[in-house]
There are 4 protein chains.
Amino acid sequence: MSSQMSSAAAKPRAPQRERGRARVAALLAAATAVIAESGYEAATMTEIAARAGASIGSLYQFFPTKELIADALHQENGEDLARMLAGLGVRVAGKPSAALADALFDDLSGFLNSHPAFIALAGRRNIDAKRKKQMRRLLRGQIAALLAQADPPVPAKRADILAVIVLHLIQTAVTIAGEVDLPNRAAVLDDLRLMLRRHMAAA
Amino acid sequence: MSSQMSSAAAKPRAPQRERGRARVAALLAAATAVIAESGYEAATMTEIAARAGASIGSLYQFFPTKELIADALHQENGEDLARMLAGLGVRVAGKPSAALADALFDDLSGFLNSHPAFIALAGRRNIDAKRKKQMRRLLRGQIAALLAQADPPVPAKRADILAVIVLHLIQTAVTIAGEVDLPNRAAVLDDLRLMLRRHMAAA
Amino acid sequence: MSSQMSSAAAKPRAPQRERGRARVAALLAAATAVIAESGYEAATMTEIAARAGASIGSLYQFFPTKELIADALHQENGEDLARMLAGLGVRVAGKPSAALADALFDDLSGFLNSHPAFIALAGRRNIDAKRKKQMRRLLRGQIAALLAQADPPVPAKRADILAVIVLHLIQTAVTIAGEVDLPNRAAVLDDLRLMLRRHMAAA
Amino acid sequence: MSSQMSSAAAKPRAPQRERGRARVAALLAAATAVIAESGYEAATMTEIAARAGASIGSLYQFFPTKELIADALHQENGEDLARMLAGLGVRVAGKPSAALADALFDDLSGFLNSHPAFIALAGRRNIDAKRKKQMRRLLRGQIAALLAQADPPVPAKRADILAVIVLHLIQTAVTIAGEVDLPNRAAVLDDLRLMLRRHMAAA
DNA sequence: TATGAATGAGAGTTCATTCAT
DNA sequence: CATGAATGAACTCTCATTCAT
């Protein structure tokens, strides 16, 4: 035998002791680094284990599949993001849309920078569609909720639309931020933020 | 012999007979399809050859490396795009920025739809950085030139910035267009176009 | 991922368990047999693995390249040879050159017979030149040292020259020994040994 | 290629045969070069054809197999060698063995230098054993004949033995001549020749 | 006959995954 | 649980040889 096909219901085994939890953390951190550097496809289980100071067998004890590591990372990142957005909601509730736009732009950019594997994971083909869809819906919902609390509040329908745009625009911003050979990178990023603010502030 | 050599300088062999030219075209078409479906990494040479109705040896006769077929495709797509932008330039010269924005949005979207491997290729890691940089610079230049011919003309500095944004925004649009599970997809796309037009029309 | 990288610096992975050590030994033995039979180029990794009763993956776990297995074998053989010459040095120190010539002739022939891949490996093109040079220098040094201890001692300069000749002559002898169709093989080998003894005994 | 138009109406077929012979010569020359550089195994038919300025199809028209090219080259080289030895026989007949030894050493060395693929071909595994055996027997016979004509003549039995030794020794000499990293190469070669002369001159 | 395209078996190598200790 | 060895399908690439024009 070999290869894929790992019988349907595999799940990452929950670590039961303190040491296990630390190991899982180390493995996820290593996976983040490797995937950020090389992308999901090029990342190898061996490299991840090595980077975490674990053996390949140990890695498979916690994540029986490469998929599962990606899923776990994606999930974890998604939760961090949701938490971040919740905090942001508290801070900007009742402020005008323009201020909200700026805050979203900054905080989302910061998030993506501190979670460097997120884009690779979110954009990955073959990803478990259901989970992905669910997370996207959740995030869009949170952002739309933020918009609904702005002053003046954005109507629900428009908020839904803007949420999608915000999400993609921030991703674009991070991509651009990574393009080292762009001479006017900073100016472009400023303009991008301006575009978003303008659009969100418009009736 | 055996193995490799990383001889850096390999080039696609140009076909010299009619039959060869047809083969190369079929191979490029197959590569486009496969890469569009699975991405560069997951695309296999075997699949490309099979899809083109060619043997693996035939594929390697013209494209001695997987890299090279990607490069050739990227190059070809880039040239198509440049041609398309040139044509667009003729049509929209002297029109206001808003009209230009719409035209760019439509034509670029159309282009990406008819060249479904372009995004995968342009975003590919490990791509020959020099060639990529060159192509991007060229495209940005063409779009900036379009903006400079608008009425009123966009100043050079701002045109350079907007060119980058346009390019990324259209890519975003195509991505969104592909997200089948988005309920309000059409509305989002309309809003995206509106955002661009608004931003480009602004002083 | 895929493909190669020519990362120049790969090394054989050292086994850490008893089982691994046994595997490596079996693999080296199999490689010796296959290379002796077919030469380095014609020897295939698949055949080596099969002959060792291992899977191809197992072979690559310890020897990530075909080169590396050849290098390891060459190295191991070289060490055996050095050990053998050291032992011979103890036995023949102080004896006349003629006796030394005979001893060298016999022992080196015996060594090559018991290390049937050595000639194929030593003569291989593309071999890591540095390592090869080093080993040759070492062996020449050892033989020259033997000659310097003969009675009467061979002067250093002449010893260096003779060392080279001895090495090549023994290789010739083994080649001749392998030429089954030579009717007077035994007589030729005797004459070869005589030639060497005569030459070494000459002032 | 290109036209040329040289075919005089008188002998339409002559230029074609002429051309064919030239092509064969070019192909063999190219094969010599490639095999000398890379050895028989690593030499590729494509490279040989290219080096000869011919197409791969043309190469196969004259040499339907890689084997056959090697055989033809081997054969041709063997004939050159036989011719050379015949000429040498005329020059040295009646001279003492020592002089003969020197002449053999020099001329054979010269021959191998001017036929750089000969050693690779003669030492090749899998070679057509029959033809090889035949050629060796022939060469040994010629050398033995030379020895029989020396003054004093070498007895037949000893001549047969010496012939084998001479052949191998010269091969060794050429090998040593190619070892660029040997500091005392020249001295070694002189000593090798001295050894042969001494041995041949001995009763 | 010359040319260049076509073919495919087979080689080296990778890597997710499983097993035994 | 940890560790490291074992496995083999799949991949990229090569090259002698054959085919079609």
How would you label the contact of [X] with the nucleic acid (heavy atoms, under 4.0 Å): base, sugar-phosphate, or nothing?
X	value
A49(B)	nothing
T65(D)	sugar-phosphate
A42(C)	nothing

Can you sort out which residues in residues 18-26 of chain B have a heavy atom within less than 4.0 Å of DNA chain F? Ascending by number, please.
-> R19(B)
Nearest-nucleotide check on DNA chain F, Y60(B) vs S58(C); residue mapping nearer the 5' end is S58(C)
Measure the distance from [atom1] on [X] to [atom2] on [N] and round it to the nearest whole Å.
X	N	atom1	atom2	result
E41(A)	dA10(F)	CD	C1'	14 Å
K66(A)	dC15(E)	NZ	P	9 Å
L27(A)	dC1(F)	CG	C1'	13 Å
R17(C)	dC19(E)	CZ	C1'	11 Å
E47(C)	dG12(E)	CD	P	11 Å
I48(A)	dT17(E)	CD1	P	11 Å
L59(C)	dT14(E)	CG	P	12 Å
I69(D)	dC15(F)	CD1	C1'	14 Å

Listed nucleotide nearest any side-chain atom of [X], set [options]:
X	options	value
M45(B)	dC13(F), dA16(E), dT3(E)	dC13(F)
I56(B)	dC13(F), dA16(E), dT7(F)	dC13(F)
T44(C)	dA11(E), dA6(E), dA9(E)	dA11(E)

Which residues pass the side chain to side chain donor-acceptor pair (under 3.5 Å) test with E79(D), sequence neighbours left out?
->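 By the side chain to side chain donor-acceptor pair (under 3.5 Å) rule, E79(D) matches Q75(D).
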List in chain and number order the residues that pass side chain to side chain donor-acceptor pair (under 3.5 Å) with E76(C), two or more places apart in sequence or in another chain; answer none if no residue qualifies.
-> none
Give a yes or no on whether a salt bridge exists between R125(C) and E41(D), defined as a side-chain N under 4.0 angstrom from a carboxylate O.
-> no
Carboxylate-amine/guanidinium contact K11(C) D71(C), below 4.0 Å = no
Heavy-atom closest pair (R124(C) atom, K132(C) atom, distance to 0.1 Å) is O-NZ, 3.7 Å
If a stem is a run of at least 3 consecutive Watson-Crick or G-U pairs, both distances under 3.5 Å, which stems include DNA chain F?
->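 If one scans DNA chain F for consecutive Watson-Crick or G-U pairs, the stems found are E:2-21 with F:2-21.
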For residues H115(C) and T32(C), determine if any side-chain heavy atom of one lies less than 4.5 Å from a side-chain heavy atom of the other.
-> no
Only pairs at least two apart or in different chains count here, so list each salt bridge (charged side-chain N to carboxylate O under 4.0 Å, His left out) that has a residue in residues 20-33 of chain B.
->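 Output for this query lists E18(B)-R21(B).
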So, the side chain of T44(D) versus the backbone of E47(D): is there a donor-acceptor pair under 3.5 Å, distance only?
->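 Such a contact is found between T44(D) side chain and E47(D) backbone.
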Side-chain donor/acceptor of K66(C) to backbone N/O of A43(C), under 3.5 Å = yes
Between F63(C) and F62(D), name the one whose nearest nucleotide on DNA chain E is closer to the 5' end.
->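 Its nearest nucleotide being more 5', the pick is F62(D).
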Assign each of E67(A) and A14(B) the nucleotide of DNA chain E bearing its closest heavy atom; nearer the 5' end lies the nucleotide of A14(B)
Determine which pairs satisfy ring-ring contact (aromatic ring centres under 6.0 Å, His included) with at least one residue from residues 10-67 of chain B, sequence neighbours left out, and list them in order.
->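 Qualifying pairs, neighbours excluded: none.
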dA6(E) OP1/OP2 closer than 4.0 Å to side-chain N/O of Q61(B) = no
